[in-house]
Structures are given as C-alpha cells and as structure tokens.
Amino acid sequence: MILENISSNKLFEGWHKQYTHSSSVLNCEMRFAIYLPPQASSNTPVPVMYWLSGLTCSDENFMQKAGAQKLAAELGIAIVAPDTSPRGENVTDDSNKAYDLGLGAGFYVNATQAPWNKHYQMYDYIVNELPQLIEANFPVTKERVISGHSMGGHGALTIGIRNPDLYQSMSAFSPICNPINCAWGQKAFSAYLGDNIEEWKAYDSCELLANHKKHQPILIDQGSNDSFLQDQLKPESLTAIADSKLNIFQLNIREGYDHSYYFISSFIESHLRFHAVNLGLIKNS
Ligand SMILES: N[C@@H](CCC(=O)N[C@@H](CSC=O)C(=O)NCC(=O)O)C(=O)O
C-alpha cells in the first residue's frame, strides 16, 4: 500500500509526520499522523500507542494539543493518531451536518446499515488495516497499547477489551462508557448498526467488560467539571462492573477539570507511563 508523506516536523529528537493513503477497508483516502521517537531513527523498533480522538477531531488535535511527544521520546513509544471517520466528498455525512454523526463521528464501529456501511468501517480500520500499514512501513514492533478521548475513549476501551491479545493495556480520558444508554451512542448506533440493541452491545464497554473473560489493565481519567459527564459519559456504570471483576482497573476523578485538551495535557504523562509499565519499558514506581 502506498503512503504519501505530506508533512514532517522534528521534535524532541524524533519526528512528527502526516501521511495519506488509500484505505480498502474504508473505501476512501485517509490521513493519519505518527510520532516516531528518536529510538526509531536509529532503527530500533519501538512499540506503538494508538490514540483515538473524539467527535469533530482529525489526526491533528491530539498531536498539536496533548503535549505527549516529549515523554514518548524519552520512553521510546511511537504514537499513531488516525482520523475519526472516513473522509471525502463521496463519503456520506449526516444530512443536518450534525457534529455527532457522520464525518468526524465514526464511533469506531463497523456500520451494517446503508448508506453508512459503504465507508464507515472504523473498527476494522483501527484494529487491522492501519496497524498492518504502520508495521509494514515504520520501525515498530507488533506491541500495541491504545488510548483515546471521549468518543475515542469509547473506541479505545471497546477495541482493547475485544482484543486482549493485540493490546497490552488501554486507557481513556472522559470516555463514553455506556453508549447504548446515552444520547450520543444511541443516535450513532441506531444509524450505523440499526435498531437491534443486541448488535450495539459489541461496542459498549460496560457490556464487554461484564462478559469478557480476559482483561488487560485499564486506566481512566475523568474531569469532575466535564459538561458531558452526567448525560453522555457515565463512568459510574463502568466502575460498577469493573470493581466487581477486576483489580487492574483505575478510574481517577480529577477535581475541576473539564472535557478539553487542557485536561488531557495535564494527565497524558501518567497515561504514557502506565502504558510503558505494561509494555515492560519501565518499572512501576
Ligand atoms: N461541538 C460540540 C462538542 C465537540 C467536542 O467537544 N469535541 C471534543 C470531543 S467530544 C467527544 O467525543 C474534542 O475533542 N474536540 C476537539 C478539540 O480539539 O477540543 C459541542 O459544541 O457540544
């Protein structure tokens, strides 16, 4: 598969680069960003953290706002930030151009309903096509961890829980924890997956955590002053299940923080260290 490099910027002795490529899974041209730490420049393969962004985002929000690259350079972790939906003029968007459906709102599911199912196959793109592309073209190992924010936190948790052999650990900021029971999730899942709620459960962290046997460590940070906390995010639903099943689940409620990248940038280093421990790069301190 051909990658076209469209930007390169050096930072912390590593490189931030953006690429476009043709996606056979999504049936369109896609863009992603990668941060390659300095270790990768000397051809030492490094593990990868996949970062899934939230509603309205592209590959750029996290890379420009989270401030993750300095510590990623020290730890020797590459970061890959994909887009949040298929893109392009031929890709269906919401008829009202709403921010929570269609472009920028792929919800990391494989759509089964027309017209969405032609392009909206973000689950397969994130789990299969994109990592294959990354592993074929960059000096990375097959070791992966996954993290994300809001809609992307939902994506990171559901993808991580469903694929315990592919991701060593997962983390999330302000994730949509129980999409089958909130307005964002119900709107997106009824469009992409149809009316059968049983089909939605394959993309709901609470349902998955309750029913899957093998779990990797999970770290979640949630701001107490997040305007979406009560209606959309519902971390208490996940905690109720996780506490009874797991001793590797940590939810930190951060007093006064909101839903923004200011919050993410305040705690991203603890997420990187958490993943580095689970990748065996550093010891738990
Ligand atoms: N425009 C919407 C809210 C959009 C928003 O807050 N997007 C968040 C993710 S929300 C969940 O997935 C985001 O990350 N925005 C990009 C950024 O750089 O901050 C509204 O007005 O409610």
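Bear in mind that the values here come from a model prediction, so they are computed numbers and not experimental data. When a ligand or atom number is given, it counts from 1 through the structure's own listing order.
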Quick one: do the [X] and [Y] side chains pair a donor with an acceptor below 3.5 Å?
X      : Y      : value
Thr112 : Glu199 : no
Asn278 : Gln216 : no
His119 : Thr92  : no

Looking at Met170, His271, His275, which hits side-chain contact (heavy atoms from CB on, under 4.5 Å) with Val145?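 Between Val145 and the candidates, side-chain contact (heavy atoms from CB on, under 4.5 Å) is satisfied uniquely by His275.
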So Trp184 and Tyr99, would you call those rings parallel, tilted or perpendicular, with 30° and 60° as cut-offs?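 The arrangement is perpendicular - the two ring planes meet at more than 60°.
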Could you pull out the N/O contacts under 3.5 angstrom between ligand 1 and the surrounding protein atoms?
from	atom 1	to	atom 2	distance (Å)
ligand 1	7 (N)	Leu55	O	3.0
ligand 1	12 (O)	Leu55	N	2.8
ligand 1	12 (O)	Ser150	OG	2.8
ligand 1	12 (O)	Met151	N	3.0
ligand 1	18 (O)	Asn61	ND2	2.8
ligand 1	18 (O)	Lys65	NZ	2.6

What residues form a ring-ring contact (aromatic ring centres under 6.0 Å, His included) with Tyr19, not counting sequence neighbours?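 In terms of ring-ring contact (aromatic ring centres under 6.0 Å, His included), with neighbours along the sequence ignored, Tyr19 is linked to Phe32, Phe138.
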